[in-house]
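These figures come from a predicted structure and were not determined experimentally. Here is how names work: the chains are called A, B, and so on, in the same order as the sequence lines, proteins then strands, and each is numbered from 1.
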Amino acid sequence: DAGVIQSPRHEVTEMGQEVTLRCKPISGHNSLFWYRQTMMRGLELLIYFNNNVPIDDSGMPEDRFSAKMPNASFSTLKIQPSEPRDSAVYFCASSMTGGGSQPQHFGDGTRLSIL
Amino acid sequence: LAKTTQPISMDSYEGQEVNITCSHNNIATNDYITWYQQFPSQGPRFIIQGYKTKVTNEVASLFIPADRKSSTLSLPRVSLSDTAVYYCLVGGNNRLAFGKGNQVVVIP
């Protein structure tokens, strides 16, 4: 099994640009999570999907952030327009079921730098 | 949302047992307790999960008292490669929360 695959691994762009982060969950997993990690705030849950449906997006910082899961094997996290304070490592994770009853498997993250 | 509290950091010598405690006073009936390990430039990696009492696997043990308001991760005989950040996650159904994490540094 290839595990959770995220792309790109690194992204550097200027403020105001649109940023799209991509995630391919583990095949057969029904739940997908997007996290953001910074030194100051630690690991924060942004949004999670169950069977491709967004269940909890209360962690999405503001309207500039949006996430989609058009099918069971692909999800995107988009920031438009991007700002320097969005610089962080963004992780995607998947699990067999939602909630905390099944462990989450994380990708290696996308390190985003907004100049 | 069930919040968790852990010590920020701790040092340990190689070969010793390391115990990390996480407080989760408002844990709900359906919540599980899960611990993750994170190395620099990598995503968190699952270590162990439990609901109550004690759970043991090949890498760690998890102790959960009867009131479930805290849990302790025990790493037996740590090595230098166990230097990492350890996170306690409490959640179930739609309630998920990572703690701040505990930086464990193993000293030769």
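Looking at B:Pro44 and A:Gln104, their side chains never come closer than 4.5 Å, going by heavy atoms from C-beta outward.
For CZ of A:Arg64, the number of neighbouring non-hydrogen atoms (other residues, nucleotides, ligands) closer than 6.0 Å is greater than 12. Heavy atoms from other residues, nucleotides or ligands lying under 6.0 Å from CG of B:Leu80 number more than 12. By the neighbour-count criterion of 12 heavy atoms within 6.0 Å, atom CG of A:Asp63 is sparsely surrounded, having that number or fewer from other residues, nucleotides or ligands. Counting heavy atoms of neighbouring residues, nucleotides and ligands inside a 6.0 Å radius, atom CD of A:Glu62 exceeds 12 of them.
Among all heavy-atom pairs drawn from A:Arg9 and B:Ser41, the shortest one is NH2-O, 3.8 Å.
For the 3.5 Å distance criterion, the side chains of B:Gln38 and A:Gln37 qualify, holding a donor opposite an acceptor.
For B:Tyr36 and A:Phe106, the distance between ring centers is under 6.0 angstrom.
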